[in-house]
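First comes the structure, then the notes that go with it.
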Amino acid sequence: MATSLGLPAPVDLRRHDPTRPLVPGPVLVLSRRSSPGAGPAPGEQDEDAAALARHLVDRGLEVHRHEDEVPSIGAVVLCLTDLETPSDLTGPALELGSVLRKLAPGGRVVAVTRPARGVALGAAANLTDDTLSDTAPEAAGADTGETAKEGEGTQSSRTGAFSGVVRNAARQGAIAFLRSTAQEMRGGVTANGIVVADGVPVTAPSVLGGLDFLLSGRSAFVDGQFLVVGSAEGEAPAAGGEEAAPLDGKVVVVTGAARGIGEQIARLLAAQGARVVPVDVPAAGQALSALANDLTTASLSLDVTAPDAGTRILEHCRSRYGRIDGIVHNAGITRDKMLANMDEARFASVLSVNVEAPLRITEQLLADPAADGLRVVGLASTSGIAGNRGQTNYAASKAGIIGMVAAMAPLLAARGGTANAVAPGFIETEMTARIPLARRQVARRLNSLQQGGLPRDVAEAIAFLLSDAAAGISGQTLRVCGQNMVGA
Ligand code: NAD
């Protein structure tokens, strides 16, 4: 299709393959203190970078701290947790730049950073209240009388109160640095980050689990994004190779599972050990039964907009398994029209399926103790972040999902659960196959990887967010969009 319009064929992305290693070569761990000429000052440690390197060694990977040691690199992990001033970024940035040509096709860059108060990361990822908590006493005027600890080559007499401001500028700078780096990559290389809340160690399960996810082929279509780890909850991935069944025994409902992205979610979760309950409308009964047969499970024929849909899902799970561990709100529809031509049926039906149903179903599930520890994943969309011409109804519904998970996270945390969303960009499905060819071709090319994603790319992100390792990530929206220019 691409060649028929005279466009070059996009590169093959490196997707998960259990017979291949986690990364296509040795991993280089860089940090501010490892950059040329820096090195730890006497008494200073490079603890975070060392801890990340240890985790990678435990994963069975070949790990180096200096680029001259390796002719070819599978991934670079850039530890930026100790940025104090914007110019602290110069050393590690240039060191990363000097090794990019050594990165193998399908390689990875993963930065580990601390949060900044500023432009939101994707959706509700800003952690604004806690971001500068370590500087709060200073901001309140409790000046210690000491000057801030100076980074190499920085200003000399900064008061304690202002050092938090400077640090925030440095941290926010790291975000756009990484996003720009992602846009410069070729050969299916991606660049992503992990933002670790202040007070949470880089050895927290979701940091290490997130690092594994971002390094692996499971994140093939995630590019220019940040996972935000807000707590040290969760179970760290075991040492050794990738876990075969991270969702072992978990009971997970997937709505809209008869085809497209939902079908791939159901299949992948089952492959990772989950007991999946596929749900779809009665009209999709044949495809739904075929899927349930393949997964040796019982499906549930149900319109998610039914007033008692949540109760029926709960009854189904309770009678068969005694509980429910997760739900993926995937069922969704589009009814695109320019607003001037929009009618009530189109507008209302999109809101009803895409956001009213997930809200009502989740509320009904949470009314029951069987849903303690519930892990919720909603399907948002990049249209819900940036808006999209002709999709006023759809964009509103998908932004609703982003708002839902952000506000639901604290409610679920109180019961040991999480709520997150995944925002796909252009994914090759029956839904997007209906877009006229020329528009479709532009849409699938408008991202850093210059191609559409596959349903399985979305499924991989959802499986990660449902895993025990991701329990420290909640209220977030993770884009699976190849760094789509829309809403960048
Ligand atoms: P699809 O149209 O191929 O599949 C949607 C499934 O949901 C179908 O099986 C359909 O029968 C089911 N469904 C619709 N209404 C339902 C209802 N009322 N009750 C129960 N089931 C219902 O769509 P897809 O492309 O696989 O998209 C899946 C999800 O991902 C949707 O929420 C969509 O908005 C979202 N998404 C898709 C893309 C993309 O590029 N394909 C991009 C962003 C977001």
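Heavy-atom basis, side chains included; hydrogens, waters and symmetry copies ignored. Quick caveat, the model's predicted, so the values are computed rather than measured. Whatever order the structure lists ligands and atoms in, that order sets their numbers, starting from 1.
- The nearest non-hydrogen atom to atom 18 (N) of ligand 1, considering only Asn484, Val458, Asp303, comes from Asp303.
- Polar contact check, Ser381 against ligand 1: no nitrogen or oxygen pair lies under 3.5 Å apart.
- Within the listing of ligand 1, atoms 40 (O), 42 (C), 43 (C) sit less than 4.0 angstrom from a heavy atom of Gly425.
- Heavy-atom contacts from other residues, nucleotides or ligands closer than 6.0 Å to CG of Asp308 number more than 12.
- The nearest protein atom to atom 23 (O) of ligand 1, hydrogens excluded, is given as Met431 CE, 3.7 Å; this is a heavy-atom distance.
- Under the side-chain contact (heavy atoms from CB on, under 4.5 Å) rule, Val112 has a single partner from Val196, Leu80, Val229, which is Val196.
- Judged by distance alone, the side chain of Asn420 and the main-chain N or O of Ile473 form a donor-acceptor pair under 3.5 Å.
- Put simply, no part of Val279 is less than 4.0 Å from ligand 1, judged by heavy atoms.
- Remark: minimum distance from atom 36 (N) of ligand 1 to any protein heavy atom is reached at Tyr394 OH, 3.5 Å.
- In terms of polar-atom proximity, Ile427 is counted as a contact of ligand 1, with an N or O under 3.5 Å from an N or O of the ligand.
- Atom CG of Asn192 and atom CZ of Arg479 lie 11.5 Å apart (nearest 0.5 Å).
- Between Phe177 and Leu96, the closest side-chain pair of non-hydrogen atoms falls below 4.5 Å.
- Atom CZ of residue Arg275 and atom OG1 of residue Thr297 lie 9.5 Å apart, to the nearest 0.5 angstrom.
- For atom 25 (O) of ligand 1, the closest non-hydrogen atom on the protein side is Thr429 OG1, 2.8 Å.
- The shortest N/O to N/O separation between Glu430 and ligand 1 does not fall below 3.5 Å.
- With hydrogens and angles disregarded, no donor-acceptor distance shorter than 3.5 Å links the side chain of Arg179 to the backbone of Gln225.
- The backbone N or O of Arg415 sits nowhere less than 3.5 Å from a side-chain atom of Asp372 that would complete a donor-acceptor pair.
- The single protein non-hydrogen atom nearest to atom 19 (N) of ligand 1 is Val304 N, 2.9 Å, given as residue, atom name and distance.
- Listed by atom number, the atoms of ligand 1 under 4.0 Å from Gly260 heavy atoms are 26 (O).
- Contact annotation for Ala380 and ligand 1: only backbone heavy atoms (N, CA, C, O) come within less than 4.0 Å of the ligand.
- In this structure, Asn330 is part of the shell of residues with a heavy atom less than 4.0 angstrom from ligand 1.
- Using a 4.0 angstrom heavy-atom cutoff, Gly453 does not count as in contact with ligand 1.
- Between Ile327 atom CD1 and Leu366 atom CG the span is 10.0 Å, to the nearest 0.5 Å.
- Within the 4.0 Å heavy-atom cutoff, Pro455 does not count among the residues contacting ligand 1.
- Of the protein's heavy atoms, Ala331 CB, 3.6 Å lies nearest to atom 22 (C) of ligand 1.
- Taking every heavy atom of Thr432 and a limit of under 4.0 angstrom, the matching atoms of ligand 1 come to 39 (C), 40 (O), 41 (N).
- Remark: side-chain polar atoms of Glu233 are not paired, donor with acceptor, to backbone N or O of Gly417 under 3.5 angstrom.
- When hydrogens are left out, the protein atom nearest atom 3 (O) of ligand 1 is Arg259 NE, 2.9 Å; that is the closest non-hydrogen contact.
- Looking at ligand 1, you'll find an N or O of Lys398 within less than 3.5 Å of one of its N or O atoms.
- Proximity of Val281 to ligand 1, defined as any heavy-atom pair under 4.0 Å, is shared by backbone and side chain alike.
- Under a 3.5 Å cut-off, the side chain of Arg360 and the backbone N or O of Gly310 do not form any donor-acceptor pair.
- Closest protein heavy atom to atom 6 (C) of ligand 1: Gly256 O, 3.6 Å.
- Arg20 CZ: 12 or fewer foreign heavy atoms inside a 6.0 Å radius.
- The shortest N/O to N/O separation between Ile261 and ligand 1 falls below 3.5 Å.
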Point to revise | Check against side-chain contact (heavy atoms from CB on, under 4.5 Å), Leu379 and Ile462 | key: CA-CA 9 Å; Leu379 266 286; Ile462 289 171; 3.7 Å; yes
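- Here the heavy atom of the protein found nearest to atom 11 (O) of ligand 1 is Asp280 OD1, 2.6 Å.
- The main-chain N or O of Ala257 is found under 3.5 Å from a side-chain atom of Asp280 such that the two form a donor-acceptor pair.
- Residue-level proximity to ligand 1 for Leu302 is carried by the backbone, the only part with a heavy atom below 4.0 angstrom.
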